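Note that the structure is a prediction, hence the values are computed from the model and not measured. FYI, the numbering just counts along the sequence from 1. Both ligands and their constituent atoms are indexed starting at 1 by order of listing.
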Amino acid sequence: MPGKVILAGEHAVVYGKMALAASIGLGVEAKVVKAPQGVQNQIIRKAIELAGGGRDLGVKIISEIPIGSGLGSSAAVSAAVIKAVRVYLGKSIRQDELFRLTMECEKITHGNPSGIDPATVVYGGLIAYRKGRPIERLQIKKSLTLLLVDSGRPMESTKEMVELVATNPQTERIVDEIETVVTKVRGGLERGRNVAEFLNQNGKLLEDLGVVGLGAMKLSNELRKLGCSVKITGAGGVVTGSGIMIVMNNNLVMIKGMLDKKHVGYIETIVGIE
Ligand code: MEV
């Protein structure tokens, strides 16, 4: 199962707004093994159980997605385990059922998730997501080349970050502003326009929301001085790292050189091509 990147609208999506997300080329593979592999974590056990597997089954996980960095590793692991168990049991699983069961697992880790992570991981491609609404596939004119830059692993969980946002007295206003920007990103993508500046505005609104730490903020400012658009993707983090940041620039060679010098990790990905 693939990981995901939220292009625009994280956190606001928890408040019922639209968010845009895409699956990425990094993924998770799960293999069912007969005897349980040591002590398996609660989520994996839950995923096995939801898929109809018994306590005699375990799974081996092979993941390319960095854990806890905003790229949907927890949803991808749960979905991969559920699917692998069903294949092992010789029972098929439809996408809507896989989404529903993955969501059950996400509730254990994230409390009250919007569902955007399991939706992107399960349905794949580029989607517009709104809580409780059918998933919309985006038809875009031009693919997007993104640099996914590592600002460091967050110490906080997604659940803690969602709770932090709820305590910000400005949240309602900022969430409304994010909604406006997300609509512009969607319109731009559908018309084949450059959406870099809108992503940057979304990035700044996430900073106002209080989900970006000092280290990520400093790196963002340096990148913006070089003409980049920058936004964190996923829940963020403030105590240490803020997870992965989306960086857009016409001259990615120059930006990669700068990041190499600073020993900052990154990967390049293209979204929007099915
Ligand atoms: C996490 O990938 C995205 C958040 O909006 C939480 C959620 O939607 O459940 C921060």
Side-chain angles (χ1 to χ4, degrees), residues 1-24 26-28 43 63 65-79 99-100 102-124 126-133 135-136 146 148 150-151 153-168 171-172 174-179 181-182 185 199 202-203 205-213 216 231-239 241-246 269 271:
M1 301 303 297
K4 64 103 217 302
V5 61
I6 298 182
L7 294 176
E10 52 272 267
H11 285 292
V13 69
V14 173
Y15 294 82
K17 310 294 186 192
M18 174 176 67
L20 310 173
S23 52
I24 54 169
L26 303 175
V28 175
I43 316 289
S63 179
I65 310 170
I67 296 166
S69 59
L71 295 181
S73 82
S74 71
V77 166
S78 300
F99 169 67
R100 193 173 50 75
T102 305
M103 185 75 176
E104 287 302 306
C105 296
E106 286 288 279
K107 280 184 191 158
I108 303 175
T109 2
H110 299 328
N112 186 20
S114 67
I116 189 162
D117 290 17
T120 317
V121 161
V122 169
Y123 293 95
L126 184 52
I127 62 164
Y129 179 85
R130 242 178 130 149
K131 225 160 50 173
R133 298 265 186 94
I135 285 137
E136 289 179 81
L146 310 175
L148 303 179
D150 187 8
S151 80
R153 188 172 163 180
M155 228 173 90
E156 305 90 332
S157 64
T158 297
K159 184 170 185 277
E160 285 166 332
M161 293 312 293
V162 168
E163 282 165 4
L164 182 69
V165 168
T167 65
N168 181 340
T171 287
E172 207 181 314
I174 299 169
V175 158
D176 285 346
E177 288 181 34
I178 291 177
E179 182 182 33
V181 174
V182 172
V185 174
L199 288 196
N202 191 165
L205 288 166
L206 285 163
E207 289 166 19
D208 295 347
L209 211 47
V211 297
V212 184
K231 84 170 263 294
I232 61 135
T233 182
V238 284
V239 178
S242 306
I244 296 291
M245 306 192 308
I246 295 178
T269 189
V271 303

Greater than 12 external heavy atoms within 6.0 Å of Lys159's NZ: no
Going by the atom numbers of ligand 1, which of them fall below 4.0 Å from some non-hydrogen atom of [X]?
X      : result
Val13  : 5 (O), 8 (O)
Ser114 : 7 (C), 8 (O), 9 (O)
Ala235 : 10 (C)
Pro113 : 9 (O)
Ile116 : 8 (O)
Glu10  : 5 (O)

Is any side-chain heavy atom of [Y] closer than 4.5 Å to one of [X]?
X      : Y      : result
Val211 : Val238 : no
Glu207 : Ile232 : no
Val14  : Asn112 : no
Val175 : His11  : no

Within-cut-off N or O pair, Asn112 and ligand 1, under 3.5 Å: no
For ligand 1, the portion of Lys4 having any non-hydrogen atom under 4.0 Å away: side chain
Structural part of Ile6 in contact with ligand 1, heavy atom criterion under 4.0 angstrom: side chain
Return the residue, atom name and 0.1 Å-rounded distance of the protein heavy atom closest to [atom].
atom                   : answer
atom 4 (C) of ligand 1 : His11 N, 4.0 Å
atom 6 (C) of ligand 1 : Val14 CG2, 3.8 Å
atom 1 (C) of ligand 1 : Asp117 OD1, 3.8 Å

Glu179: salt bridge (Lys or Arg N to Asp or Glu O under 4.0 Å) partners, not counting sequence neighbours: Lys17
Which atom pairs, one a donor and one an acceptor, fall under 3.5 Å between side chains of residues 2-9 and the rest of the protein, sequence neighbours left out?
from, atom 1, to, atom 2, distance (Å)
Lys4, NZ, Gly70, O, 3.3
Lys4, NZ, Asp117, OD1, 3.1
Lys4, NZ, Asp117, OD2, 3.1

Between CD1 on residue Ile244 and CG on residue Asp150, distance to nearest 0.5 Å: 4.5 Å
